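Okay, so here's the structure we're looking at.
Predicted model only: the values in this text are computed from it and were never measured.
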Amino acid sequence: MNLGLLKSVFNHAESTVIWVLLGLFALIVVISIIQLLRIVHNVPEFSWTTQKIFLFLCFLTCSVRVAFFAVVQKSDVNIFMVNFRDHPLSTVLDTFPVILFFTTYTLLILFWSEIIFVAQNSEESTIQKAHWAFGTSNFLAYSVLFILWLLLFLLPHKKQSLDIVINIYLAFLVIFAACGFIYFGGRLFFMLKQFPINTTSRTNKLREVGLVTSVSSTCFVLRAILQIVSVIRVDLDATWEFIFFYYFVSEIFPSILILWILRQLPPRRDSTGSKRPLINEENSQNRYDSGFYKLRI
């Protein structure tokens, strides 16, 4: 077969995959902002809740991804090889969403930890420590990435070594997030399973927490593995199958899953200004009520 024709067919397939990925991320951007506006319209009395911040971060992360793939389409850039001096814009647009994704999902881990601590009647200092851990881990994550970007700019002759360091660092962050999902998601799942009152809402939340924990943890571990593989086998970056699988498994699928779970709007307040109770039984006051009720916020 004509080699020129083979190259043309491959380039067309790769370009098609990039456009498909761009379209999928753009779809998530649209869904995120629509869902955020629906919540603001439905419960305007709430300020920035966890659900609103999560949707905004999801919107921001996928917007940067859309910009990244638009840049990739217009230039000959190796997607997994960062080069701040030659391609500063593509490098930022490629690596920065990974950190934003880390922030987005550690926010969900923080939310789950708050539910667990409230349900267990933990002291306020315990919840404050969880907030401190969330803030510190994210501050360190952004700081280290900015330092690595600076080193890429100042030490261009060390580009290949720094590229390996950056990819391993991003893989470490993803593994860290996966461990958080497994630990807190598992604890929340078994806590809900022990909830004494069997309601439809409890069953739905049990299924949602189990689904998010298992799927997100699996996707994050796969992302870390693929991130390492892309460093060891640089030639894989030239295959459109690997590119599509990497972004679909690591970002698109877990984002769609969370957006689907968050499709239900928070309950409106009644005429007295209070929320409709989640559990209708009168004598259901126990140590799990407050934490379980918070799942609807």
Side-chain angles (χ1 to χ4, degrees), residues 32 35-36 39 46-65 95-149 166 169-192 205 208-221 223-224 227 250-251 254-255 257-259 261-262 266 290-297:
S32 300
Q35 183 70 346
L36 179 59
I39 295 175
F46 285 141
S47 57
W48 280 97
T49 61
T50 301
Q51 188 173 2
K52 289 180 182 178
I53 297 174
F54 182 92
L55 290 170
F56 175 75
L57 287 173
C58 187
F59 160 79
L60 182 61
T61 303
C62 293
S63 296
V64 178
R65 273 289 174 233
T95 53
F96 193 56
V98 182
I99 302 293
L100 287 175
F101 204 77
F102 174 79
T103 301
T104 304
Y105 280 82
T106 51
L107 177 67
L108 183 57
I109 295 173
L110 173 65
F111 179 55
W112 283 355
S113 68
E114 287 181 338
I115 296 172
I116 295 171
F117 294 146
V118 170
Q120 295 177 341
N121 294 324
S122 300
E123 297 180 358
E124 185 67 24
S125 59
T126 304
I127 299 178
Q128 291 176 355
K129 289 178 181 178
H131 282 264
W132 181 86
F134 169 78
T136 303
S137 61
N138 276 272
F139 174 78
L140 291 175
Y142 285 89
S143 299
V144 172
L145 182 62
F146 291 151
I147 292 173
L148 290 173
W149 282 348
I166 289 178
Y169 168 66
L170 295 178
F172 167 77
L173 288 182
V174 173
I175 290 294
F176 180 78
C179 292
F181 263 99
I182 294 173
Y183 179 72
F184 287 103
R187 287 186 62 184
L188 182 59
F189 178 84
F190 287 108
M191 186 191 79
L192 291 174
K205 290 303 174 185
E208 290 174 3
V209 171
L211 185 62
V212 172
T213 300
S214 57
V215 172
S216 296
S217 300
T218 302
C219 289
F220 290 170
V221 171
R223 178 183 195 142
Q227 194 98 34
S250 62
E251 294 183 9
S255 296
L257 173 66
I258 298 296
L259 289 176
I261 289 176
L262 294 179
S290 56
F292 185 54
Y293 178 79
K294 193 177 180 182
L295 282 169
R296 295 291 300 272
I297 296 178

- Message: If you define the side chain from C-beta out and look only at heavy atoms, does anything of Ile166 sit under 4.5 Å from Leu170?
- Response: yes
- Query: Backbone N or O of Leu211 within a donor-acceptor pair of the Ser214 side chain at under 3.5 Å?
  - Reply: yes
- Item | Atom of Val64, atom of Pro97 and distance for their closest heavy-atom approach | CG1-CG, 3.4 Å
- Query: Can you tell me if CZ on Phe176 sees more than 12 non-hydrogen neighbours from other groups inside 6.0 Å?
  - Reply: no
- Item | Interatomic distance, Ser113 atom OG to Phe117 atom CZ [nearest 0.5 angstrom] | 5.0 Å
- Query: How far does CG of Leu140 sit from CD1 of Ile147, to the nearest 0.5 angstrom?
  - Reply: 9.5 Å
- Note on the structure: Here the pair of heavy atoms bringing Ile116 nearest to Arg187 is CG2-NH2, 3.4 Å
- Task: Begin from the C-alpha positions of Val144 and Leu148 and carry the test side chain to side chain contact (heavy atoms under 4.5 Å, CB included) through to its verdict.
- Result: CA-CA 6 Å; Val144 172; Leu148 290 173; 4.1 Å; yes
- Nearest heavy atoms of Val221 and Ala178, plus distance in Å: CG2-CB, 4.1 Å
- Message: Under the criterion side chain to side chain contact (heavy atoms under 4.5 Å, CB included), I'd like the reasoning laid out for Phe59 against Leu55: C-alpha separation, chi angles, the key distance, then a yes or no.
- Response: CA-CA 6 Å; Phe59 160 79; Leu55 290 170; over 6 Å; no
- Nearest heavy-atom approach of Thr213 to Gly186 is CG2-N, 4.2 Å
- Message: Can you tell me how far apart CG (Leu257) and CD (Glu208) are? Round to the nearest 0.5 Å.
- Response: 9.5 Å
- Message: Between Phe54 and Phe111 (judged by ring centroids, cut-off 6.0 Å), do the two rings come close enough to count as a pair?
- Response: no
- salt bridge (Lys or Arg N to Asp or Glu O under 4.0 Å) partners of Arg65, counting only residues at least two apart: Asp94, Glu251
- Message: If you compare all heavy atoms of Ile99 against all heavy atoms of Ala141, which two are closest, and at what distance to 0.1 Å?
- Response: CD1-O, 4.0 Å
- Identify, with sequence neighbours excluded, every residue that meets ring pair (Phe, Tyr, Trp, His ring centres under 6.0 Å) alongside Phe102. none
- Query: Roughly how far, to the nearest 0.5 Å, is the CH2 atom of Trp112 from the CD1 atom of Ile109?
  - Reply: 7.5 Å
- Min side-chain heavy-atom separation Tyr105-Pro254 under 4.5 Å: yes
- Query: Which pair of heavy atoms, one from Ser255 and one from Phe101, lies closest together, and at what distance?
  - Reply: OG-CE1, 3.5 Å
- Give the C-alpha distance, both sets of side-chain angles, the deciding distance and a yes or no for side chain to side chain contact (heavy atoms under 4.5 Å, CB included) between Val212 and Leu108. CA-CA 10 Å; Val212 172; Leu108 183 57; 4.0 Å; yes
- Task: Show your reasoning for whether side chain to side chain contact (heavy atoms under 4.5 Å, CB included) applies to Tyr142 and Leu100.
- Result: CA-CA 9 Å; Tyr142 285 89; Leu100 287 175; 3.5 Å; yes
- Within a strict 4.5 Å, meaning less than it, do heavy atoms of the Ile39 and Gln51 side chains meet? yes
- Query: Taking side chain as C-beta onward, heavy atoms only, is Ile115 less than 4.5 Å from Phe184?
  - Reply: no
- Trp149 and Thr95: side-chain donor and acceptor closer than 3.5 Å? yes
